[in-house]
Student: 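What follows is a structure written as structure tokens; I'll ask about it next.
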Amino acid sequence: MKIVFAGTPNFACIPLEAVLEAGYEVVAVLTRPDRPQGRKGILTPSPVKETALLHEIPVLQPEKLKTDFSALKEAGADLMITCAYGQILTQEVLDLFPLGVWNIHASLLPAYRGAAPIARALIDGCRETGVTIMKTERGLDTGDILLSKGTPIYDSDDCGTLEDRLSRLGADLIVEALPLIERGPSLQKQGEGFVCKKVERTEVDFSRPSRAVSCLIRGLSPAPFAYARIADTVLNFWFAEEADCEEDVPAGTVVSASPKEGLVVKCGTGAVRITELQPAGGRRMSARDFLNGRKLKEGMKFDIPRSI
RNA sequence: CGCGGGGUAGAGCAGCCAGGUAGCUCGUCGGGCUCAUAACCCGGAGGUCGCAAGUUCGAAUCUUGCCCCCGCAA
């Protein structure tokens with residue numbers, strides 16, 4: 001069975017390697033074109049491309065798949081696996097594969113269809129999410145479901161750790177799914193679901209409840225980050241946990257700023273303890289290290305963004 | 001030429017503008033106090049001040065060039 005693997009970000013790398021390790025013949029990898037990255041605008045290949053090159057698999061990266069899929073056709077694969085590829089597939093492309101196109105999606109469909117299911121589930125405070133293998137159709141993640149598996153979301157998770165776990169889960173599931181697909185699987189239709197939007201860099205609104213703040217921070221870490229302003233500077237937050245707070249002070253007030261107690265900020269209800277952060281121009285550091293520089297004192301107040 | 005911050009002890013920072021003894025918080029090591037401690041007190045070790053050249057009697061500090069790290073924006 002010849003397979004094309006379509007994917008772009010890190011999330012797709014482990015599934016790709018799993019498919020290879022399981023002994024399948026991946027005849028080509030489809031990924032988005034190299035993009036300029038960082039301050040210097042260096043042209044950077046996608047993580048999936050790097051993985052493909054490592055395994056000496058031909059890489060296809062059309063700017064517009066919609067009009068430029070001749071190379072994909074020539075690959076002559078029986079089946080395509082998609083995993084966060086990043087371009088919409090047309091019916092013409094879907095029809096290229098006798099055994100169909102199958103998607104690895106990082107949510108328990110039909111919840112969290114779309115762009116940023118992992119971050120969104122975390123931000124929304126979900127206690128569980130998962131991975132779904134389903135048939136890729138023209139609709140946005142609406143195809144019939146073949147397999148799915150859940151995993152708990154812990155308070156110790158951020159988007160990075162959760163993505164990593166889901167990526168491994170997706171790898172296991174796709175390896176489990178391929179034999180089923182060859183045999184002609186039975187599928188389950190999706191129920192009523194919803195689409196989630198891409199995540200953006202977001203200013204923390206400390207007037208919200210502590211859990212909402214903590215989930216936002218963790219959901220946007222390690223990118224694109226929840227941030228806040230204080231004392232004429234911007235802090236990116238890498239990690240936060242909920243904390244107790246008896247004090248009756250306005251939301252956004254720094255309740256504790258000692259290396260021992262950590263950086264505790266009052267929220268609308270409760271408080272959060274920022275444990276990992278990054279000042280503008282600086283490296284990521286523990287709150288302890290940050291506070292050792294004595295930049296913050298108790299009683300100072302974070303800006304609260306205007307109502308959204 | 002997109003905008004900007006930074007490189008000083010193991011960590012996080014101050015000192016630089018107005019050149020002249022290497023400072024703070026923490027960690028670490030040793031000692032003390034204590035029933036005890038992550039608490040408190042005393043003491044110690046630990047630094048090519050990113051690199052190079054220049055100015056100067058004297059440079060972390062001023063000048064020039066270079067290297068590296070990072071935030072925003074794309």
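Letters A, B, ... mirror the listed sequences (proteins, then strands); counts begin at 1.
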Student: CG of A:L235 versus C1' of B:G5: gap in Å, rounded?
Tutor: 13 Å

Student: Whole-Å distance between B:G12 C1' and A:F290 CZ?
Tutor: 10 Å

Student: With hydrophobic residues grouped by side-chain heavy-atom distances under 4.5 Å, do A:I14 and A:L30 end up in a single group?
Tutor: no

Student: Under 3.5 Å, is there any donor-acceptor pair linking the side chain of A:R288 to the base of B:G12?
Tutor: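 A donor-acceptor contact between them is absent.
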
Student: How far does the P atom of B:C70 sit from the matching atom of B:G12, given to the nearest Å?
Tutor: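 Pairwise P distance, B:C70 against B:G12, rounds to 13 Å.
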
Student: If I take atom CE in residue A:M285 and atom P in nucleotide B:G71, what distance separates them, rounded to the nearest angstrom?
Tutor: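 That distance rounds to 11 Å.
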
Student: Side chain of A:T202, backbone of A:E200: donor and acceptor closer than 3.5 Å?
Tutor: yes

Student: In whole Å, I'd like the distance from the CZ atom of A:R39 to the C1' atom of B:G4.
Tutor: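 Rounded to whole Å, this separation is 10 Å.
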
Student: When you compare B:A9 with B:U25, how far apart are their C1' atoms, in angstrom units rounded to a whole number?
Tutor: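 Their C1' atoms lie roughly 13 Å apart.
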
Student: Of the nucleotides B:A11, B:C3, B:C69, which one has an atom closest to the side chain of A:R283?
Tutor: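 Nearest nucleotide to the side chain: B:C69.
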
Student: When you measure from the side chain of A:D289, which nucleotide among B:C72, B:A11, B:C13 comes out closest?
Tutor: B:A11

Student: In whole angstrom, give the distance that lies between atom CG of A:N292 and atom P of B:G12.
Tutor: 10 Å

Student: Is the distance between the ring centroids of A:F194 and A:Y112 less than 6.0 Å?
Tutor: yes

Student: Given 3.5 Å as the limit, does a donor-acceptor pair link the side chain of A:N103 with the main chain of A:M134, or not?
Tutor: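 No, the answer is negative, given that no donor and acceptor are paired below the 3.5 Å cut-off.
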
Student: Can you tell me the pairing partner of B:U34 across any strand shown, Watson-Crick or G-U wobble, with both distances under 3.5 angstrom?
Tutor: none

Student: Counting only Watson-Crick or G-U wobble pairs whose two distances fall under 3.5 Å, which nucleotide matches B:C51?
Tutor: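 When the pairing criteria are applied, B:G65 turns out to be the nucleotide that pairs with B:C51.
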
Student: What is the nucleic acid contact for A:R201, judged by heavy atoms within less than 4.0 Å: base, sugar-phosphate only, or nothing?
Tutor: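 Sugar-phosphate contact only - A:R201 comes under 4.0 Å of backbone atoms but never of a base.
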
Student: Taking the six-membered ring of A:Y85, is the NZ or CZ of A:R32 close enough (under 6.0 Å from the centre) and on axis enough (within 45°)?
Tutor: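 Because its charged atom misses either the 6.0 Å distance or the 45° angle limit, A:R32 does not stack over A:Y85.
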
Student: If you measure from the P atom in B:C24 to the same atom in B:C42, how many Å do you get, rounded?
Tutor: 13 Å

Student: Please determine, for B:G71, whether a Watson-Crick or G-U wobble partner exists with both distances under 3.5 Å, and give it or none.
Tutor: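 When the pairing criteria are applied, B:C3 turns out to be the nucleotide that pairs with B:G71.
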
Student: Could you check how far CD of A:Q278 sits from P of B:A11, rounded to whole Å?
Tutor: 17 Å

Student: If you measure from the C1' atom in B:G2 to the same atom in B:C49, how many Å do you get, rounded?
Tutor: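 Those two atoms are separated by 32 Å.
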
Student: What interatomic distance, in whole Å, is found between C1' of B:A59 and the corresponding atom of B:G19?
Tutor: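 My reading of the C1' atoms in B:G19 and B:A59 gives 6 Å.
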
Student: Say you pick atom P in B:C17 and the same atom in B:G6; how far apart are they, in whole Å?
Tutor: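 Between the two P atoms, the distance is 15 Å.
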
Student: If I take atom CD in residue A:E276 and atom P in nucleotide B:G12, what distance separates them, rounded to the nearest angstrom?
Tutor: 13 Å

Student: Is there a Watson-Crick or G-U wobble partner for B:G43 with both distances under 3.5 Å, and if so, which one is it?
Tutor: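 B:C29 is the nucleotide pairing with B:G43.
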
Student: Taking only the C1' atom of each, what is the distance from B:C16 to B:G50 in whole angstrom?
Tutor: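 16 Å, rounded to whole Å.
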
Student: Taking A:G262's backbone N and O only, do any of them form a donor-acceptor pair with A:S256's side chain (distance below 3.5 Å, no angle check)?
Tutor: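 A pair under 3.5 Å: yes.
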
Student: State which of B:C70, B:C72, B:G12 makes the closest approach to the side chain of A:N236.
Tutor: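 Ranking B:C70, B:C72, B:G12 by closest atom to the A:N236 side chain puts B:C72 first.
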
Student: Please state the P separation for the pair B:G30 and B:G65 - nearest whole angstrom.
Tutor: 50 Å

Student: Just the rounded figure in Å: distance from P of B:G27 to CG of A:L291.
Tutor: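 After rounding, the reported distance stands at 13 Å.
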
